[in-house]
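Remember, it's 1-based here, ligands and their atoms both numbered in the order they're listed.
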Amino acid sequence: MIAIGCDHAGVELKKDVIKFLTEKGFELKDMGTDGEPCDYPNMAKTVCGLVTSGECEKGILICGTGIGMSIAANKIKGIRAAVCSDSFSTKFTRLHNDSNIMCMGARVLGSGLACELAEIFVTTGFEGGRHQRRVDLITEIENNN
Ligand code: RB5
């Protein structure tokens with residue numbers, strides 16, 4: 001299950017991403033907003049909570065730039081959020097960082113690219129090995145600050 005949420009800037013793109021991933025066979029839990037103004041930190045907290053609780057394996061957050069969502073999400077223990085705007089970074093943030101949240105900017109990306117990036121994010125696995133050690137170091141920073 002993939003959690004997804006957006007603020008008012010990301011409503012249309014979120015609809016496109018949900019339609020695209022659903023047609024590919026993925027299950028999504030849509031946390032809104034469906035149009036009402038929404039403060040992105042609140043949505044980041046809601047979607048990330050579904051991931052840290054284990055209810056959803058990954059999450060997708062959409063705001064105007066993707067940046068506000070990523071800043072908020074990365075404040076939450078256990079979350080590794082990446083702003084994704086290109087396929088290389090999207091693939092490698094899964095392979096190397098084991099990112100569990102992707103953030104996208106609805107005012108940055110077209111719908112076709114955003115859907116393609118979402119598919120890369122949800123289908124790419126973590127490589128582990130030396131990257132596990134680095135992810136563990138991130139967790140250590142998180143635990144000590
Ligand atoms: C909302 O206008 C906008 O600030 C928000 O969507 C996001 O881009 C923040 O990072």
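Distances from atom 8 (O) of ligand 1 to the heavy atoms of Thr65, Val108, Ile62, Ile67 put Thr65 nearest.
Applying side-chain contact (heavy atoms from CB on, under 4.5 Å) to Met104 and the options Thr90, Leu61, Val17 leaves one that passes, Val17.
Of all atoms in ligand 1, numbered sequentially from 1 with element shown, those under 4.0 Å from a heavy atom of His8 are 1 (C), 2 (O). For ligand 1, the atoms closer than 4.0 angstrom to any heavy atom of Gly64 are 5 (C), 6 (O), 7 (C), 8 (O). Against a heavy-atom cut-off of under 4.0 Å, Asp7 is close to the following atoms of ligand 1: 1 (C), 5 (C), 6 (O). Residue-ligand proximity, Arg107 to ligand 1, at heavy-atom distances under 4.0 Å covers atoms 1 (C), 2 (O), 3 (C). Atom numbering of ligand 1 starts at 1 in the shown order; those under 4.0 Å from a heavy atom of Ala9 are 6 (O).
Within a 6.0 Å radius of CG in Asp86, other residues, nucleotides and ligands contribute more than 12 heavy atoms.
At the shortest separation from atom 10 (O) of ligand 1 among protein heavy atoms lies Gly68 N, 2.9 Å. Distance from atom 4 (O) of ligand 1 to its nearest protein heavy atom, with residue and atom name: Tyr40 CE2, 4.5 Å.
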**Request:** Would you please test Asp34 and Val11 for side chain to side chain contact (heavy atoms under 4.5 Å, CB included) and show each step?
**Result:** CA-CA 6 Å; Asp34 295 324; Val11 174; 5.6 Å; no
**Prompt:** Can you check side chain to side chain contact (heavy atoms under 4.5 Å, CB included) on Met43 and Met31, steps first, answer last?
**Reply:** CA-CA 8 Å; Met43 183 53 66; Met31 302 310 291; 4.0 Å; yes
**Message:** Run the side chain to side chain contact (heavy atoms under 4.5 Å, CB included) test on Val47 and Met69 for me, step by step, so that the C-alpha distance in whole Å, both residues' side-chain angles and the decisive distance to 0.1 Å come before the verdict.
**Reply:** CA-CA 10 Å; Val47 167; Met69 285 289 197; over 6 Å; no
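Side-chain atoms of Ile60 and Leu21, non-hydrogen and from C-beta on, do get closer than 4.5 Å to each other.
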